[in-house]
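Note sheet for the following structure.
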Amino acid sequence: MSNQRPNEARVIPLRPSRPSRPLHPSRSSHSSRSSLPPAPRPADAPDGTRKGERPQEPLWRDLVGDVLRRERLAQERTLKDVADAARISMPYLSEVERGRKEASSEVLAAAARALGLGLGDLLSLAQGELTRQRHSGPRASRTPYDGLCLAA
């Protein structure tokens with residue numbers, strides 16, 4: 001029989017108990033990764049590319065998200081208002097605006113309609129943004145000399 005009292009609950013541990021002292025005395029209780037220096041990375045160029053690489057084209061989802069956010073803010077509307085009108089969740093619309101999600105054409109059309117735009121209008125504005133970004137990059141300078149110019 002058991003030497004346990006009849007009304008006392010018996011506790012059976014599911015996991016073995018942890019030792020009271022760390023397994024490795026030289027390591028702290030914090031993660032050992034935090035004490036390591038960051039891995040060396042190739043130096044980034046001023047335009048955001050790595051050394052020796054060509055500048056990347058902006059992602060379409062970033063362009064469309066920028067246009068959606070710019071149009072929403074121009075109309076002084078909240079994220080919740082536009083998300084409700086488009087019948088999409090507010091967190092998802094936020095991620096689309098930030099370029100974190102690649103939205104389907106149905107979601108883009110709904111968001112555009114909620115802003116009073118057609119899907120073609122949205123895509124045209126995004127294409128205009130792409131053109132503007134490509135021509136404002138480091139290669140956009142048409143003058144061979146970017147130095148100081150003095151006028152008399």
Side-chain angles (χ1 to χ4, degrees), residues 11-19 22-152:
V11 178
I12 302 171
L14 297 177
R15 295 184 183 142
S17 62
R18 292 184 173 179
L23 295 175
H24 301 284
S26 63
R27 293 186 185 170
S28 66
S29 62
H30 299 290
S31 171
S32 62
R33 289 185 181 182
S34 64
S35 63
L36 295 176
R41 290 182 15 194
D44 291 340
D47 62 354
T49 60
R50 294 187 189 268
K51 206 173 196 178
E53 291 181 5
R54 295 177 62 200
Q56 289 184 339
E57 295 274 339
L59 296 176
W60 185 249
R61 66 178 183 235
D62 290 329
L63 296 168
V64 171
D66 288 344
V67 170
L68 286 172
R69 176 164 284 175
R70 190 172 51 244
E71 287 296 316
R72 178 177 62 80
L73 293 175
Q75 295 177 18
E76 297 180 353
R77 295 176 66 187
T78 64
L79 198 59
K80 181 173 178 19
D81 177 38
V82 175
D84 288 345
R87 299 183 51 102
I88 56 181
S89 75
M90 190 173 65
Y92 187 73
L93 179 58
S94 173
E95 288 185 323
V96 169
E97 282 188 354
R98 290 181 290 136
R100 303 278 190 230
K101 296 288 183 186
E102 191 88 45
S104 68
S105 58
E106 290 87 1
V107 169
L108 292 178
R113 272 194 310 272
L115 292 167
L117 302 170
L119 182 59
D121 299 327
L122 175 66
L123 300 181
S124 177
L125 289 168
Q127 188 271 335
E129 180 69 17
L130 173 63
T131 303
R132 186 188 64 76
Q133 284 186 15
R134 287 182 66 195
H135 290 297
S136 67
R139 294 184 185 178
S141 175
R142 299 193 189 272
T143 59
Y145 180 70
D146 288 336
L148 180 63
C149 179
L150 300 175

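Predicted model only: the values in this text are computed from it and were never measured. Quick note: numbers below take in every heavy atom, side chains included, and nothing from hydrogens, waters or symmetry partners.
- Between Ala111 and Leu68, the shortest heavy-atom distance links the atoms CB-CD2, 4.1 Å.
- With rounding to the nearest 0.5 Å, the separation of CG in Leu130 from CG in Asp66 is 11.5 Å.
- Looking at every heavy atom in both residues, Leu93 comes nearest to Ala83 through CD2-N, 3.7 Å.
- For Ala126 against Val64, the heavy-atom pair with the smallest separation is CB-CG2, 3.9 Å.
- Shortest non-hydrogen contact noted between Ala114 and Val82 is CB-O, 3.8 Å.
- How far CZ of Arg113 is from CG of Asp121: 12.5 Å, rounded to the nearest 0.5 Å.
- The line from CD of Glu129 to CG of Asp62 is 10.5 Å long, rounded to the nearest 0.5 Å.
- Here the side chains of Leu125 and Leu117 are in contact, with some heavy-atom distance below 4.5 Å.
- Side-chain contact between Val107 and Lys101: absent, with no pair of heavy atoms (C-beta onward) separated by less than 4.5 Å.
- Of all heavy-atom pairs between Leu115 and Gln75, the closest is O-NE2, 2.7 Å.
- Each of Glu97, Arg98, Met90 was checked for a side-chain contact (heavy atoms from CB on, under 4.5 Å) with Ser94, and the lone residue meeting it is Arg98.
- Listed here is the closest heavy atom pair of Tyr92 and Ala103: OH-CA, 3.6 Å.
- With contacts defined as side-chain heavy-atom distances shorter than 4.5 Å, the pair Arg134/Glu57 qualifies.
- Other residues, nucleotides and ligands contribute at most 12 non-hydrogen atoms within 6.0 Å of the CZ atom of Arg87.
- For the atom pair CD of Glu102 and CG of Leu59, the computed distance is 7.5 Å after rounding to the nearest 0.5 Å.
- Comment: Glu71 does not engage Arg77 in a salt bridge, judged by the lack of any side-chain N to carboxylate O separation of less than 4.0 angstrom.
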